[in-house]
Amino acid sequence: MSRRVVVTGMGAITPIGLSVDEFWAGVKEGRTGFAPITRFDTTDFKCKLAAEVKGFDPKSFMDFKAAKRMELFSQYAVAATKEAIADAGLDMEKEDPYRVGVAVGSGTGSLQAMERSHSRLLEKGPGRIEPLFVPLTISNMAAGNVSIQFGLKGKSINVVTACATGTNSIGEAFRTIQYGDAEVMVAGGTEGSVCPIGIGGFSALTALTTSEDPKRCSIPFDKERSGFVMGEGSAIVVLEELEHAKARGARIYAEVVGYGCTSDAFHITSPAEDGAGAAKAMEYAVKDAGISTDDITYINAHGTSTHHNDLFETRAIKLTFGEHAKDIKINSTKSMIGHLLGAAGAIEFVTCVKELQEGYIHQTVGYQIPDEECDLNYCKEPYTEEFEYALSNSLGFGGHNASLLVKKYTA
(Lines give C-alpha, C1' and ligand atoms only; values in the text may rest on other atoms or scores of the structure.)
Protein backbone atom coordinates (compact mmCIF):
# COMPACT_ATOMS: atom_id res chain seq x y z
CA MET A 1 0.00 0.00 0.00
CA SER A 2 1.33 3.46 -0.90
CA ARG A 3 2.14 5.88 1.88
CA ARG A 4 0.23 9.06 2.71
CA VAL A 5 1.92 12.35 1.80
CA VAL A 6 1.27 15.70 3.47
CA VAL A 7 2.35 19.32 3.04
CA THR A 8 4.30 20.64 6.03
CA GLY A 9 6.02 23.78 4.68
CA MET A 10 5.63 26.39 1.95
CA GLY A 11 7.70 29.25 0.53
CA ALA A 12 7.11 31.78 -2.23
CA ILE A 13 8.74 34.61 -4.15
CA THR A 14 6.08 36.25 -6.33
CA PRO A 15 5.18 39.48 -8.15
CA ILE A 16 2.80 40.37 -5.29
CA GLY A 17 4.88 39.30 -2.30
CA LEU A 18 8.21 37.87 -1.18
CA SER A 19 6.74 35.28 1.19
CA VAL A 20 3.68 33.05 1.35
CA ASP A 21 2.00 35.41 3.82
CA GLU A 22 2.63 38.47 1.62
CA PHE A 23 1.50 36.60 -1.48
CA TRP A 24 -1.65 35.28 0.18
CA ALA A 25 -2.56 38.70 1.57
CA GLY A 26 -2.23 40.04 -1.98
CA VAL A 27 -4.44 37.28 -3.34
CA LYS A 28 -7.18 38.04 -0.81
CA GLU A 29 -6.97 41.74 -1.68
CA GLY A 30 -7.21 40.92 -5.38
CA ARG A 31 -3.93 42.75 -5.92
CA THR A 32 -2.15 42.40 -9.26
CA GLY A 33 1.54 42.54 -10.13
CA PHE A 34 1.24 43.92 -13.66
CA ALA A 35 3.27 46.98 -14.65
CA PRO A 36 5.53 48.26 -17.45
CA ILE A 37 8.69 46.18 -17.84
CA THR A 38 11.68 47.74 -16.03
CA ARG A 39 14.39 45.17 -16.81
CA PHE A 40 15.11 46.44 -20.32
CA ASP A 41 14.00 49.01 -22.88
CA THR A 42 10.78 47.79 -24.53
CA THR A 43 10.65 50.48 -27.24
CA ASP A 44 10.92 47.95 -30.06
CA PHE A 45 8.82 45.28 -28.36
CA LYS A 46 5.10 44.70 -28.90
CA CYS A 47 4.75 43.49 -25.30
CA LYS A 48 5.19 46.25 -22.71
CA LEU A 49 3.90 44.69 -19.47
CA ALA A 50 5.11 41.93 -17.17
CA ALA A 51 4.60 40.76 -13.61
CA GLU A 52 8.10 41.33 -12.25
CA VAL A 53 9.25 40.40 -8.75
CA LYS A 54 9.84 43.67 -6.89
CA GLY A 55 12.29 44.40 -4.09
CA PHE A 56 14.09 41.05 -4.17
CA ASP A 57 17.59 41.19 -2.64
CA PRO A 58 19.32 37.79 -2.72
CA LYS A 59 21.56 38.82 0.21
CA SER A 60 18.45 38.75 2.41
CA PHE A 61 18.07 35.03 1.73
CA MET A 62 21.55 33.62 1.17
CA ASP A 63 25.27 34.23 1.38
CA PHE A 64 26.40 36.93 -1.04
CA LYS A 65 29.16 34.78 -2.55
CA ALA A 66 26.73 31.91 -3.10
CA ALA A 67 24.24 34.29 -4.70
CA LYS A 68 26.88 35.54 -7.17
CA ARG A 69 27.23 31.99 -8.46
CA MET A 70 23.51 31.73 -9.18
CA GLU A 71 21.30 33.26 -11.81
CA LEU A 72 17.96 34.76 -10.85
CA PHE A 73 15.91 31.58 -11.29
CA SER A 74 18.19 29.72 -8.87
CA GLN A 75 18.20 32.62 -6.40
CA TYR A 76 14.40 32.65 -6.37
CA ALA A 77 14.32 28.88 -5.73
CA VAL A 78 16.82 29.05 -2.86
CA ALA A 79 14.94 31.97 -1.28
CA ALA A 80 11.57 30.18 -1.49
CA THR A 81 13.15 26.97 -0.17
CA LYS A 82 14.61 28.79 2.82
CA GLU A 83 11.12 29.93 3.79
CA ALA A 84 9.56 26.50 3.15
CA ILE A 85 12.12 24.60 5.24
CA ALA A 86 11.84 27.10 8.10
CA ASP A 87 8.06 26.96 7.84
CA ALA A 88 8.18 23.15 8.06
CA GLY A 89 10.48 23.31 11.10
CA LEU A 90 12.72 20.80 9.33
CA ASP A 91 16.01 20.34 11.20
CA MET A 92 18.46 18.66 8.83
CA GLU A 93 20.76 17.78 11.72
CA LYS A 94 18.04 15.40 12.91
CA GLU A 95 17.28 13.94 9.46
CA ASP A 96 19.01 11.32 7.35
CA PRO A 97 20.05 13.65 4.50
CA TYR A 98 19.88 10.79 1.99
CA ARG A 99 16.12 10.49 2.73
CA VAL A 100 15.43 14.17 1.99
CA GLY A 101 15.27 14.90 -1.72
CA VAL A 102 14.65 17.71 -4.20
CA ALA A 103 12.32 18.06 -7.17
CA VAL A 104 12.61 21.64 -8.37
CA GLY A 105 12.13 22.50 -12.03
CA SER A 106 12.56 25.47 -14.33
CA GLY A 107 11.15 25.70 -17.82
CA THR A 108 13.97 27.77 -19.31
CA GLY A 109 16.93 28.06 -16.94
CA SER A 110 18.74 31.37 -17.37
CA LEU A 111 17.95 33.11 -20.64
CA GLN A 112 19.88 36.12 -19.27
CA ALA A 113 23.14 34.16 -19.05
CA MET A 114 22.60 33.00 -22.62
CA GLU A 115 22.05 36.58 -23.77
CA ARG A 116 25.19 37.82 -22.02
CA SER A 117 27.46 35.06 -23.23
CA HIS A 118 26.15 35.11 -26.78
CA SER A 119 26.88 38.86 -26.94
CA ARG A 120 30.40 38.25 -25.62
CA LEU A 121 30.94 35.48 -28.14
CA LEU A 122 29.96 37.72 -31.04
CA GLU A 123 31.74 40.84 -29.80
CA LYS A 124 34.90 39.45 -28.17
CA GLY A 125 35.25 35.84 -29.27
CA PRO A 126 34.94 32.47 -27.57
CA GLY A 127 37.77 33.17 -25.15
CA ARG A 128 35.66 35.74 -23.36
CA ILE A 129 32.66 33.53 -22.56
CA GLU A 130 32.27 33.57 -18.78
CA PRO A 131 33.69 30.40 -17.15
CA LEU A 132 30.48 29.65 -15.24
CA PHE A 133 28.23 30.10 -18.28
CA VAL A 134 27.04 26.49 -18.33
CA PRO A 135 26.35 25.99 -14.59
CA LEU A 136 24.68 29.40 -14.44
CA THR A 137 22.40 28.60 -17.37
CA ILE A 138 21.20 24.99 -17.25
CA SER A 139 17.79 24.49 -15.71
CA ASN A 140 18.76 21.73 -13.25
CA MET A 141 20.87 24.23 -11.29
CA ALA A 142 17.85 25.39 -9.29
CA ALA A 143 17.54 21.86 -7.89
CA GLY A 144 21.31 21.61 -7.57
CA ASN A 145 21.66 24.86 -5.66
CA VAL A 146 18.75 24.01 -3.35
CA SER A 147 20.37 20.65 -2.60
CA ILE A 148 23.76 22.27 -1.91
CA GLN A 149 22.49 25.18 0.17
CA PHE A 150 20.39 23.03 2.50
CA GLY A 151 22.35 19.76 2.56
CA LEU A 152 19.66 17.63 0.91
CA LYS A 153 21.33 14.43 -0.32
CA GLY A 154 18.36 12.33 -1.45
CA LYS A 155 16.94 12.08 -4.96
CA SER A 156 17.49 15.39 -6.76
CA ILE A 157 15.60 15.88 -10.02
CA ASN A 158 14.72 18.68 -12.39
CA VAL A 159 11.47 18.08 -14.24
CA VAL A 160 11.15 20.25 -17.36
CA THR A 161 7.69 20.19 -18.91
CA ALA A 162 7.36 23.86 -19.90
CA CYS A 163 4.39 25.42 -18.12
CA ALA A 164 3.52 22.13 -16.37
CA THR A 165 6.97 21.97 -14.70
CA GLY A 166 5.93 23.05 -11.20
CA THR A 167 2.98 20.67 -11.11
CA ASN A 168 4.99 17.74 -12.44
CA SER A 169 7.78 18.46 -9.95
CA ILE A 170 5.40 18.31 -7.00
CA GLY A 171 3.68 15.28 -8.49
CA GLU A 172 6.93 13.37 -8.94
CA ALA A 173 7.97 14.29 -5.39
CA PHE A 174 4.60 12.98 -4.19
CA ARG A 175 5.19 9.67 -5.98
CA THR A 176 8.76 9.48 -4.64
CA ILE A 177 7.50 9.60 -1.06
CA GLN A 178 4.46 7.40 -1.72
CA TYR A 179 6.64 4.55 -2.86
CA GLY A 180 9.37 4.85 -0.27
CA ASP A 181 12.26 6.54 -2.06
CA ALA A 182 12.32 9.44 0.42
CA GLU A 183 10.70 10.60 3.64
CA VAL A 184 10.78 14.28 2.70
CA MET A 185 10.89 16.08 -0.65
CA VAL A 186 11.46 19.77 -1.27
CA ALA A 187 9.48 20.41 -4.45
CA GLY A 188 8.29 23.15 -6.75
CA GLY A 189 9.23 25.40 -9.64
CA THR A 190 11.12 28.58 -10.39
CA GLU A 191 11.51 31.01 -13.26
CA GLY A 192 13.12 34.34 -14.08
CA SER A 193 12.64 35.01 -17.78
CA VAL A 194 11.67 38.68 -18.00
CA CYS A 195 14.45 39.61 -20.41
CA PRO A 196 14.66 40.59 -24.09
CA ILE A 197 14.90 37.09 -25.55
CA GLY A 198 12.22 35.76 -23.18
CA ILE A 199 9.69 38.47 -23.92
CA GLY A 200 10.69 38.64 -27.59
CA GLY A 201 10.45 34.89 -28.03
CA PHE A 202 7.02 34.49 -26.50
CA SER A 203 5.85 37.57 -28.41
CA ALA A 204 7.02 36.00 -31.66
CA LEU A 205 4.72 33.09 -30.84
CA THR A 206 1.88 35.63 -30.36
CA ALA A 207 1.43 34.11 -26.89
CA LEU A 208 1.86 37.38 -24.95
CA THR A 209 -0.77 40.10 -24.69
CA THR A 210 0.02 43.46 -26.25
CA SER A 211 -2.39 45.21 -23.87
CA GLU A 212 -0.85 48.14 -22.02
CA ASP A 213 -3.66 48.35 -19.48
CA PRO A 214 -2.64 46.62 -16.22
CA LYS A 215 -6.32 46.05 -15.42
CA ARG A 216 -7.11 44.36 -18.77
CA CYS A 217 -3.95 42.42 -19.60
CA SER A 218 -4.16 39.05 -17.85
CA ILE A 219 -7.89 38.31 -17.92
CA PRO A 220 -8.39 34.51 -18.06
CA PHE A 221 -11.67 33.26 -19.55
CA ASP A 222 -12.76 36.82 -20.39
CA LYS A 223 -14.04 37.31 -23.96
CA GLU A 224 -11.45 40.10 -24.48
CA ARG A 225 -8.43 37.99 -23.41
CA SER A 226 -5.53 38.42 -25.80
CA GLY A 227 -2.57 36.47 -24.43
CA PHE A 228 -0.69 35.90 -21.20
CA VAL A 229 1.49 38.24 -19.16
CA MET A 230 4.95 36.95 -18.30
CA GLY A 231 5.46 36.53 -14.57
CA GLU A 232 8.44 35.35 -12.54
CA GLY A 233 9.30 33.93 -9.14
CA SER A 234 9.30 30.63 -7.31
CA ALA A 235 7.15 28.47 -5.07
CA ILE A 236 8.50 25.58 -3.04
CA VAL A 237 6.69 23.12 -0.76
CA VAL A 238 7.93 20.56 1.74
CA LEU A 239 6.18 17.24 1.19
CA GLU A 240 6.51 14.60 3.86
CA GLU A 241 5.44 11.06 4.60
CA LEU A 242 2.60 11.32 7.10
CA GLU A 243 4.08 9.20 9.90
CA HIS A 244 7.44 10.97 9.57
CA ALA A 245 5.69 14.33 9.90
CA LYS A 246 3.68 13.20 12.93
CA ALA A 247 6.74 11.72 14.62
CA ARG A 248 8.51 15.08 14.60
CA GLY A 249 5.37 17.01 15.57
CA ALA A 250 5.13 18.89 12.28
CA ARG A 251 2.20 21.16 11.49
CA ILE A 252 0.27 19.64 8.59
CA TYR A 253 -1.31 22.00 6.08
CA ALA A 254 -2.99 19.56 3.70
CA GLU A 255 -2.68 16.11 2.13
CA VAL A 256 -1.72 15.35 -1.48
CA VAL A 257 -4.03 12.59 -2.67
CA GLY A 258 -3.95 12.53 -6.47
CA TYR A 259 -1.68 13.11 -9.46
CA GLY A 260 -2.43 12.62 -13.14
CA CYS A 261 -0.32 13.18 -16.27
CA THR A 262 -0.95 12.80 -19.97
CA SER A 263 0.32 14.06 -23.33
CA ASP A 264 -1.82 15.55 -26.08
CA ALA A 265 0.41 14.23 -28.90
CA PHE A 266 -1.17 17.00 -30.94
CA HIS A 267 0.80 20.25 -31.38
CA ILE A 268 3.96 21.90 -30.00
CA THR A 269 2.13 24.93 -28.56
CA SER A 270 -1.64 24.43 -28.80
CA PRO A 271 -3.52 22.15 -26.40
CA ALA A 272 -5.71 19.49 -28.02
CA GLU A 273 -8.82 21.25 -29.27
CA ASP A 274 -11.28 18.86 -27.63
CA GLY A 275 -9.44 19.02 -24.30
CA ALA A 276 -9.14 15.22 -24.18
CA GLY A 277 -5.56 15.12 -22.85
CA ALA A 278 -6.15 17.59 -20.02
CA ALA A 279 -9.46 15.85 -19.25
CA LYS A 280 -7.69 12.51 -18.86
CA ALA A 281 -5.05 14.04 -16.53
CA MET A 282 -7.84 15.35 -14.27
CA GLU A 283 -9.60 12.00 -14.44
CA TYR A 284 -6.41 10.17 -13.45
CA ALA A 285 -5.81 12.52 -10.50
CA VAL A 286 -9.35 11.97 -9.22
CA LYS A 287 -9.05 8.22 -9.73
CA ASP A 288 -5.68 8.21 -7.93
CA ALA A 289 -7.42 9.71 -4.89
CA GLY A 290 -10.11 7.04 -4.97
CA ILE A 291 -12.96 9.52 -5.13
CA SER A 292 -15.70 10.49 -7.58
CA THR A 293 -15.62 13.40 -10.02
CA ASP A 294 -18.73 14.63 -8.18
CA ASP A 295 -16.56 15.18 -5.09
CA ILE A 296 -14.65 17.98 -6.86
CA THR A 297 -16.18 21.41 -6.26
CA TYR A 298 -13.16 23.64 -6.97
CA ILE A 299 -10.49 23.80 -9.70
CA ASN A 300 -7.50 26.13 -9.88
CA ALA A 301 -7.27 26.31 -13.67
CA HIS A 302 -4.20 26.72 -15.82
CA GLY A 303 -6.15 29.70 -17.16
CA THR A 304 -3.45 31.58 -19.04
CA SER A 305 -5.63 34.24 -20.72
CA THR A 306 -4.81 32.99 -24.22
CA HIS A 307 -7.76 32.27 -26.47
CA HIS A 308 -6.91 28.61 -27.09
CA ASN A 309 -5.86 27.61 -23.58
CA ASP A 310 -8.94 28.93 -21.81
CA LEU A 311 -11.36 27.55 -24.39
CA PHE A 312 -9.76 24.11 -24.58
CA GLU A 313 -9.35 23.86 -20.79
CA THR A 314 -13.05 24.68 -20.43
CA ARG A 315 -13.83 21.86 -22.87
CA ALA A 316 -11.55 19.53 -20.87
CA ILE A 317 -13.37 20.32 -17.61
CA LYS A 318 -16.72 19.62 -19.28
CA LEU A 319 -15.36 16.36 -20.71
CA THR A 320 -14.20 15.15 -17.29
CA PHE A 321 -17.08 16.35 -15.15
CA GLY A 322 -20.07 16.40 -17.49
CA GLU A 323 -23.09 18.24 -16.13
CA HIS A 324 -21.35 18.58 -12.76
CA ALA A 325 -18.88 21.04 -14.39
CA LYS A 326 -21.52 23.77 -13.98
CA ASP A 327 -21.40 23.30 -10.21
CA ILE A 328 -17.61 23.65 -9.95
CA LYS A 329 -15.96 26.94 -8.99
CA ILE A 330 -13.01 27.63 -11.30
CA ASN A 331 -10.44 30.40 -10.90
CA SER A 332 -7.08 31.44 -12.30
CA THR A 333 -4.30 32.75 -10.05
CA LYS A 334 -2.61 34.04 -13.22
CA SER A 335 -5.20 36.85 -13.18
CA MET A 336 -3.06 38.42 -10.43
CA ILE A 337 0.53 37.29 -11.00
CA GLY A 338 0.63 36.42 -14.67
CA HIS A 339 2.19 33.22 -15.98
CA LEU A 340 5.24 32.10 -14.01
CA LEU A 341 5.99 29.41 -16.62
CA GLY A 342 7.87 26.62 -14.79
CA ALA A 343 6.86 28.05 -11.40
CA ALA A 344 3.16 28.50 -12.26
CA GLY A 345 1.90 25.11 -11.10
CA ALA A 346 3.86 25.36 -7.85
CA ILE A 347 2.46 28.74 -6.80
CA GLU A 348 -1.01 27.58 -7.79
CA PHE A 349 -0.54 24.51 -5.59
CA VAL A 350 0.38 26.80 -2.68
CA THR A 351 -2.75 28.83 -3.47
CA CYS A 352 -4.89 25.68 -3.31
CA VAL A 353 -3.45 24.75 0.09
CA LYS A 354 -4.13 28.23 1.49
CA GLU A 355 -7.65 28.23 0.08
CA LEU A 356 -8.42 24.83 1.62
CA GLN A 357 -7.06 25.99 4.96
CA GLU A 358 -9.12 29.15 5.08
CA GLY A 359 -12.26 28.07 3.24
CA TYR A 360 -11.73 30.84 0.70
CA ILE A 361 -11.80 30.67 -3.11
CA HIS A 362 -10.21 33.72 -4.71
CA GLN A 363 -11.77 35.61 -7.58
CA THR A 364 -10.43 35.62 -11.12
CA VAL A 365 -9.40 39.26 -11.03
CA GLY A 366 -10.26 41.29 -14.13
CA TYR A 367 -12.82 38.78 -15.40
CA GLN A 368 -15.70 40.91 -16.66
CA ILE A 369 -17.05 39.91 -20.07
CA PRO A 370 -18.28 36.33 -20.40
CA ASP A 371 -17.27 34.35 -23.48
CA GLU A 372 -20.12 32.28 -24.95
CA GLU A 373 -17.80 29.29 -25.34
CA CYS A 374 -16.36 29.62 -21.83
CA ASP A 375 -19.60 29.27 -19.90
CA LEU A 376 -18.64 27.88 -16.49
CA ASN A 377 -18.29 29.61 -13.10
CA TYR A 378 -14.93 31.41 -13.26
CA CYS A 379 -15.33 33.16 -9.89
CA LYS A 380 -16.09 36.75 -10.83
CA GLU A 381 -16.23 37.30 -7.06
CA PRO A 382 -14.47 35.44 -4.24
CA TYR A 383 -16.30 32.78 -2.23
CA THR A 384 -16.06 32.05 1.47
CA GLU A 385 -17.02 28.41 2.02
CA GLU A 386 -15.59 25.16 3.30
CA PHE A 387 -14.55 22.59 0.69
CA GLU A 388 -12.61 19.34 0.90
CA TYR A 389 -10.68 19.01 -2.37
CA ALA A 390 -8.77 21.37 -4.66
CA LEU A 391 -7.74 20.26 -8.15
CA SER A 392 -4.90 22.19 -9.79
CA ASN A 393 -4.24 22.01 -13.56
CA SER A 394 -1.16 22.81 -15.64
CA LEU A 395 -0.77 22.53 -19.40
CA GLY A 396 2.63 22.92 -21.05
CA PHE A 397 3.96 23.53 -24.56
CA GLY A 398 4.68 20.16 -26.12
CA GLY A 399 1.32 18.82 -24.99
CA HIS A 400 2.17 18.16 -21.32
CA ASN A 401 -0.89 17.92 -19.05
CA ALA A 402 -0.62 17.55 -15.28
CA SER A 403 -3.16 17.70 -12.47
CA LEU A 404 -2.64 17.58 -8.71
CA LEU A 405 -5.38 16.88 -6.17
CA VAL A 406 -4.92 18.20 -2.66
CA LYS A 407 -7.26 17.49 0.26
CA LYS A 408 -8.01 19.14 3.55
CA TYR A 409 -6.05 17.08 6.08
CA THR A 410 -7.87 14.77 8.46
CA ALA A 411 -5.98 12.46 10.80
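Since this is a predicted model, take the numbers as computed values, not measurements. Residues: numbered from 1 along the sequence shown.
Taking Thr314 as the reference, Tyr378 meet the side chain to side chain donor-acceptor pair (under 3.5 Å) condition, with sequence neighbours excluded. Applying the side chain to side chain donor-acceptor pair (under 3.5 Å) rule to Tyr298 yields the partners Asn300, Asn331, Glu355; only residues at least two apart in sequence or on another chain are considered. Taking the side chain to side chain donor-acceptor pair (under 3.5 Å) definition, one finds that Lys354 meets it with nothing, sequence neighbours left out. Scored by the side chain to side chain donor-acceptor pair (under 3.5 Å) test, Thr320 finds no partners at all (sequence neighbours excluded).
Minimum heavy-atom separation, Ile361 to Cys379: CG2-SG, 3.9 Å. Here the closest heavy-atom approach between residue Phe221 and residue Asp371 is recorded as O-CB, 3.9 Å. Heavy-atom minimum distance, Ala77 versus Ile236: O-CG1, 3.9 Å. Residues Ser335 and Phe34 come closest through the heavy atom pair O-CE1, 3.3 Å. Listed here is the closest heavy atom pair of His308 and Ser270: CD2-OG, 3.7 Å. Across all their heavy atoms, Cys163 and Ser394 have their closest contact at O-CB, 3.8 Å.
Rounding to the nearest 0.5 Å gives a distance of 14.5 Å between CE of Met141 and OG1 of Thr190. If you take SG on Cys352 and CD1 on Ile299, they are separated by 10.0 Å, rounding to the nearest 0.5 Å. Taken to the nearest 0.5 Å, the CG atom of Asn309 stands 8.5 Å off from the CZ atom of Arg225. To the nearest 0.5 angstrom, Thr333 atom OG1 is 3.0 Å from His362 atom NE2.
Thr81 pairs in a side chain to side chain contact (heavy atoms under 4.5 Å, CB included) with only one of the listed residues (Asn145, Val186, Ile13), which is Val186. Each of Asn168, Thr167, Asp288 was checked for a side chain to side chain donor-acceptor pair (under 3.5 Å) with Tyr259, and the lone residue meeting it is Asn168. Exactly one residue among Lys68, Arg116, Arg120 makes a salt bridge (charged side-chain N to carboxylate O under 4.0 Å, His left out) with Glu130. That residue is Arg116. Among Lys223, Lys318, Arg315, the one residue that satisfies the salt bridge (charged side-chain N to carboxylate O under 4.0 Å, His left out) test with Asp375 is Lys318.
Geometric assessment of Lys28 against the ring of Tyr360 yields a positive cation-pi assignment under the 6.0 Å and 45° thresholds.
Using a 4.5 Å cut-off on side-chain heavy atoms (C-beta onward), Ile16 and Val27 make contact. Side chains of Ile37 and Leu49 form no contact here, defined as non-hydrogen atoms less than 4.5 Å apart.
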- Message: Evaluate Arg251 against Thr8 for side-chain contact (heavy atoms from CB on, under 4.5 Å), listing each step before the verdict.
- Response: CA-CA 6 Å; Arg251 174 186 49 206; Thr8 58; over 6 Å; no

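Counting only N and O atoms by type, the side chains of Thr176 and Lys155 include a donor and acceptor under 3.5 Å apart. Between the side chains of Glu191 and Ser106, at least one donor N or O sits under 3.5 Å from an acceptor N or O.
Formation of a donor-acceptor pair under 3.5 Å by the Arg3 side chain with backbone atoms of Glu241 is not found in this model. Side-chain N or O atoms of Ser234 include none that pairs as donor or acceptor with a backbone N or O of Ala80 at under 3.5 Å.
Note: Tyr76 and Phe56 have perpendicular aromatic rings, judged against thresholds of 30 and 60 degrees for the angle between ring planes.
Sorted by first and then second residue, the salt bridge (charged side-chain N to carboxylate O under 4.0 Å, His left out) pairs with a member in residues 400-411 read Glu386-Lys408, Glu388-Lys407; sequence neighbours excluded. Here salt bridge (charged side-chain N to carboxylate O under 4.0 Å, His left out) pairs that include residues 133-154, with residues two or more places apart or in two chains, number zero.
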